[in-house]
Protein chains: 2
Amino acid sequence: MTVTLADVAARARVSPATVSRVLNGNYPVAASTRERVLRAVDDLDYVLNGPASSLAAATSDLVGILVNDIADPFFGIMAGAAQTQIGGPGDGSGRAGGEKLAVICNTGGSPERELTYLTLLQRQRAAAVVLTGGAVENPEHQAAMAAKLAKLADAGTRIVFCGRPPLPEGDALVAALAFDNRGGGRRLTEHLISLGHRRIGYVAGPRERTTTRHRLEGHREALHAAGLGAPAAEGGAGGPGAGSGDQGADGDPLVVHGPYDRRSGYEATLELLRRAPDVTAIVAANDTVALGACAAVRDQGMRIPQDISVAGFDDLPFSVDAVPALTTVRLPLFEAGARAGRLAMGKENPPPGGIATIAAELMIRGSTAAPRG
Amino acid sequence: MTVTLADVAARARVSPATVSRVLNGNYPVAASTRERVLRAVDDLDYVLNGPASSLAAATSDLVGILVNDIADPFFGIMAGAAQTQIGGPGDGSGRAGGEKLAVICNTGGSPERELTYLTLLQRQRAAAVVLTGGAVENPEHQAAMAAKLAKLADAGTRIVFCGRPPLPEGDALVAALAFDNRGGGRRLTEHLISLGHRRIGYVAGPRERTTTRHRLEGHREALHAAGLGAPAAEGGAGGPGAGSGDQGADGDPLVVHGPYDRRSGYEATLELLRRAPDVTAIVAANDTVALGACAAVRDQGMRIPQDISVAGFDDLPFSVDAVPALTTVRLPLFEAGARAGRLAMGKENPPPGGIATIAAELMIRGSTAAPRG
DNA sequence: CTGTTAGCGCGTTCAT
DNA sequence: ATGAACGCGCTAACAG
């Protein structure tokens, strides 16, 4: 029923080996022979058997892209960009030549699923794996990840980090693109301080996430530099079991943690406003959270930016259309994703030292202004 | 270097076949034996060789999810939801048991890439394929798709449509979940008409897309029912080669086509306002386009909804946070995606007749109001 | 319940 | 430049 390489060979009156060679194109084959083989392929509608091919060659054409939440454009943009570099433009025939199969795996931010996907990709003998977005900072999980990635690298899988710092165990097959979250966070808060804000609320992302920590650290750097430091560091006092919605277990009353979504921004902002009615600005962990913060501020009868300034992070496409337009920090998500894709394909050399830091650009718009009075 | 099934068998003092049986769990194995085997697997850090397994079993654990634009939350939400039903929750060990590998493939809306991805999935002997979002209505491409899908189905791949009507060739392995785009579009425009609007601009999606056509048809149905019909149907007069940004080649001056993005909404709205300064409402093909439309309206110095009403479609998460909140049509994207995932896994029976229509719900919010005077 | 025996379809030596 | 033979690692009969 299903047509195999041998069938093609028979029709083209050559040996199976020859067909294999023209298909993989890595061997010298006479032009006339190639012609006959290709015609036979088309005539028979032959499609290579991927598993058989991968088994024999001990490598597959699968490239995995891991994301925390594919419903979030932050990841969608990066993943889509990476795929453009990996999937190949196609030759229009739908025949599928040498392109790789770039596949996006949605971990939902769960460490278990992250590991499971890596195992699944390892099982498929993936050619490369791209890990996007913030990493979970649990030591146990980090160790498990490092071990798993080491095994993948051992098996020849290329590893690329995109938007997250690499794990300690820097391998040769590993390249990393890290966003300057700390610097971006710092400049954003500096901007608010320069406008005259002194009491600034911060809606942070989930705990134990590199992205969350770095952005928050940048915020605190700016605060401290201006002599506005909080009483103490968080100290991680919330402890295990303090899940999402954990708001108030902190040393710093002006910081509230929550997931990276709109609802969290809304609720955390209400909490912040309750705790500290004198805040004149609110910085959100990202733009989606900022949108929720804006809604909360308005529902409290306050205007943006006259009564309260609000700022986000990422500069997602919708942010410029918010009313007022959102002040935020732009991350070149598409460019970074595309570069990660190229690194995964080996089309581009890894940055010196294996790690490149991607600059973040402050975008000042209408949602931030000087505080009243 | 790499540990195989035979190694595990040796260590557990059983035959390779037995190891295979406990790993696949589809055969009776004595509990004590299973125990020994599993321990050997853990001791050796064994990971199944996917290609070899797929080759022998003539089927793989790959499930493909095709989307038009993964950077668009419309697709991100559906795809993520589908993956939750397919990837399995993981057993926390990262060992990866019987779960499938759900992978998202981003076609970018290109027919060629769509076909290429299908070929790639066919090559991998995918267990199932989920096609999401609107289909391209080019007859040639439809024929190619039908042929390709028939071949996939022949090879045992389950086919699921999610958010698009099924192709004519209804196969037994095919299930379809279609959104009621036409009904939603109709009710949205009816709402506008009931508010008193008579001149309504429409920013449509790209031509030759089922989604675009159905939403627009719903709009026109409402118009005609109210005696507000346009002079003539579009007639497809734009013809081939009329790419994106095609604005004005229509029979109906109140309809402008463009891609499903913010910029298109912005520019199309300016064009609409130029052509017909007397419009009192603008309906956009989706929420993202509506955001661009809002920006254009405001940049022209007009207020929403006092001067002009604006409405979208999809009810994406950010729409409720627009200012004013966007009137739109809600599509249960997550639920539909999850159901598609279940259908792909064979966990759920296909709807009677193979096709289910998913209702669309009108969400009336602040961006629409009665026209002035 | 478990072991033995054959391939699955292709890539890759070796020859020629 | 091409063909012949072998084996990749696993599953699926078939015995027992």
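Lettering follows sequence order; numbering is per chain, from 1.
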Students often get this wrong, so: under 4.0 angstrom with heavy atoms, is A:L5 touching a base, only sugar-phosphate, or nothing?
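Answer is sugar-phosphate: A:L5 comes under 4.0 Å of backbone atoms only.
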Looking across every strand, which nucleic acid part, if any, lies under 4.0 Å from B:A30 by heavy atom: base, sugar-phosphate, or nothing?
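It contacts sugar-phosphate atoms only.
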For [Y], is there any backbone N or O sitting under 3.5 Å from a side-chain donor or acceptor partner on [X]?
X      : Y      : value
A:R158 : A:A344 : yes
B:Q83  : A:I104 : yes
B:T132 : B:C162 : no
B:N24  : B:N26  : no
A:S54  : A:G50  : yes

Taking only side-chain N and O atoms of [X], does any of them lie within less than 4.0 angstrom of OP1 or OP2 on [N]?
X     : N      : answer
A:S20 : C:dG11 : yes
A:T18 : D:dG3  : yes
B:N49 : D:dC8  : no
A:S15 : D:dA4  : no
A:T33 : D:dT2  : yes

What's the closest nucleotide to the [X] side chain, out of [options]?
X     : options               : value
A:A17 : D:dA4, D:dG9, C:dT2   : D:dA4
B:A56 : C:dG9, D:dG9, D:dA4   : D:dG9
A:S53 : C:dG11, C:dG3, D:dA12 : C:dG11

Taking every non-hydrogen atom, the tightest pair across A:Y46 and A:T4
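The answer is CE1-C, 3.5 Å.
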Mind listing the closest non-hydrogen atom pair of A:A79 and A:I70 along with its distance?
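What the structure gives for the nearest pair is CB-CD1, 4.4 Å.
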What are the atom names and distances for every N/O pair under 3.5 Å that joins the protein to nucleotides 14-16 of chain D?
none

Nearest-Å distance for atom pair [atom1]/[atom2], residues [X] and [N]:
X      : N      : atom1 : atom2 : value
B:R123 : C:dG9  : CZ    : C1'   : 14 Å
A:R13  : D:dA1  : CZ    : P     : 22 Å
B:N24  : D:dA12 : CG    : P     : 7 Å
B:L48  : D:dT11 : CG    : C1'   : 10 Å

